[in-house]
2 protein chains.
Amino acid sequence: MNSLPQGSRPNPLFLRDEEIRQGIELLFFAYRDFTSDADAVLARHGMGRAHHRAIHFIGRRPGMTVNELLSILRITKQSLSRVLSQLVTEGLVAQTQGTRDRRQRLLSLTDDGKELERQLSGLQRARVTRAYREAGAEAVAGFRAVLIGLIDETDRETVLATVDKD
Amino acid sequence: MNSLPQGSRPNPLFLRDEEIRQGIELLFFAYRDFTSDADAVLARHGMGRAHHRAIHFIGRRPGMTVNELLSILRITKQSLSRVLSQLVTEGLVAQTQGTRDRRQRLLSLTDDGKELERQLSGLQRARVTRAYREAGAEAVAGFRAVLIGLIDETDRETVLATVDKD
DNA sequence: AATACTACGTCAATATCGCTGACGTAATTG
DNA sequence: CAATTACGTCAGCGATATTGACGTAGTATT
């Protein structure tokens with residue numbers, strides 16, 4: 001955009017590469033600030049981002065199994081286990097035995113968990129809302145389209161099914 | 001989008017919140033896959049993402065000082081120190097004494113460092129290029145506008161100066 | 001010239017979050 | 001009954017981040 005030397009005849013290949021690199025950096029900076037929002041709240045509760053991610057997805061998909069959560073987060077069960085048992089111990093997440101398959105432990109937020117989720121997502125929602133409002137509806141559509149394109153083709157369907165819940 | 005129960009008269013407040021939450025999740029998934037690209041290459045060199053970030057920004061702004069890099073990455077000098085001295089030891093990053101202020105150590109990539117940078121960014125550039133091509137020019141403009149809106153207002157100027165170099 | 005500040009590096013201790021490997025239990029499936 | 005699956009857990013490790021304290025060289029101020 002405003003990176004073009006005025007009046008020059010830019011090499012289209014260079015332009016493309018420069019445009020791409022700018023996108024990569026914007027993604028870095030936006031994500032850096034975006035994730036920083038919840039940290040203060042988390043620190044007060046003695047938790048980290050891993051807890052936030054678990055709380056977020058359990059909140060959005062109550063009744064999800066441990067396996068489903070694992071494949072969304074793309075971490076090992078050993079890693080999740082630490083986080084999850086902490087959340088259960090502190091009364092933020094409840095586990096109920098699966099009905100169809102009694103080996104499963106269906107995950108859901110307790111009232112305390114919902115309250116924390118609301119606190120945690122508050123700042124992030126405010127940030128995204130502000131950015132959406134400033135950029136306008138068309139920009140939002142483009143934003144979404146590019147993000148979807150950035151996701152691995154193999155699990156784009158799965159992700160969209162998760163994002164557009166039911 | 002397709003999350004609206006067909007034929008219902010959706011509450012605009014609910015819609016807004018749902019739309020925002022979808023954006024938050026798309027950002028998570030896109031960034032998750034986006035950052036996974038370089039890991040294989042990094043692992044072969046016995047390095048992690050911290051090294052990648054340092055290499056990336058040094059590559060884009062040769063001659064930058066340690067302090068500048070610190071404020072971009074938003075980590076402590078102790079954290080950067082480990083990474084940086086590793087990169088210097090392995091001959092990927094060169095430090096030259098500042099001319100204006102001889103306390104400064106200006107950072108730049110060696111030829112080996114440039115080669116690694118090229119390898120590392122290759123997959124990411126390919127991913128972003130694909131997403132841009134699929135989504136189209138208008139979508140890209142929207143993508144950029146929203147990302148800029150997500151960045152902290154306080155350092156939006158700084159970031160844009162960094163992204164649009166010179 | 002003495003003082004204060006800055007840029008950078010480093011030592012030490014700590015926490016989070018990810019990993020692998022191994023083992024166990026309960027429930028389901030063939 | 002045997003194999004597989006869902007989940008948990010113990011043990012150890014590595015990468016990345018943190019805070020706090022200290023040192024050294026160079027710059028700026030008084």
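Here is how names work: the chains are called A, B, and so on, in the same order as the sequence lines, proteins then strands, and each is numbered from 1.
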Can a side chain N or O of [X] be found less than 4.0 Å away from OP1 or OP2 on [N]?
X        : N      : result
A:Ser81  : D:dG8  : no
B:Arg102 : D:dT27 : yes
B:Asn67  : C:dT6  : no
A:Arg53  : C:dG18 : yes
B:His51  : D:dA15 : no
A:Ser79  : C:dC17 : no
B:Arg105 : C:dG9  : yes
B:Thr76  : D:dT18 : yes
B:Gln86  : D:dA15 : no

Starting at atom [atom1] of [X], determine the distance to atom [atom2] of [N], rounded to an integer number of angstrom.
X        : N      : atom1 : atom2 : answer
A:Leu70  : D:dT9  : CG    : P     : 13 Å
A:Arg103 : C:dA27 : CZ    : P     : 10 Å
A:Leu84  : C:dG18 : CG    : C1'   : 16 Å
A:Ile75  : D:dA15 : CD1   : C1'   : 16 Å
A:Leu106 : D:dA6  : CG    : C1'   : 11 Å
B:His45  : D:dG14 : NE2   : P     : 20 Å
B:Gln97  : D:dT27 : CD    : C1'   : 13 Å
B:Leu107 : C:dA7  : CG    : C1'   : 12 Å

**Request:** For B:Gln95, answer base if it contacts any base atom (sugar-phosphate contacts may also be present), sugar-phosphate if it contacts only those atoms, and nothing otherwise; contact means non-hydrogen atoms under 4.0 Å.
**Result:** sugar-phosphate

**Message:** Regarding A:Ser85, tell me which of base, sugar-phosphate or nothing describes its non-hydrogen contacts under 4.0 Å with the strands shown.
**Reply:** nothing

**Request:** Check whether more than 12 heavy atoms from other residues, nucleotides or ligands sit under 6.0 Å from atom CD of B:Glu138, and answer yes or no.
**Result:**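 Atom CD in B:Glu138 is not crowded, with 12 or fewer foreign heavy atoms closer than 6.0 Å.
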
**Message:** The side chain of B:Asp101 is closest to which nucleotide in this list: D:dC7, D:dT16, D:dG26?
**Reply:**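 Closest nucleotide to the B:Asp101 side chain: D:dG26.
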
**Prompt:** Among C:dC17, C:dC8, C:dA27, which is the nearest nucleotide to the side chain of B:Lys77?
**Reply:** C:dC8

**Prompt:** Considering only heavy atoms and no angle criterion, is a donor-acceptor pair shorter than 3.5 Å present between the side chain of B:Gln78 and the base of D:dG20?
**Reply:**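 Indeed there is one.
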
**Message:** Base of D:dA17, side chain of B:Arg82 - is there a donor-acceptor contact under 3.5 Å?
**Reply:**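 Side chain to base: pair found, below 3.5 Å.
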
Salt bridge check, [Y] against [X]: does any charged N sit closer than 4.0 Å to a carboxylate O?
X       : Y       : value
B:Arg16 : B:Glu19 : no
B:Glu18 : B:Arg21 : no
B:Asp33 : A:Arg74 : yes
B:Arg61 : A:Glu25 : no

**Prompt:** Is a side-chain donor-acceptor pair under 3.5 Å present for A:Ser121 with A:Arg125?
**Reply:** yes

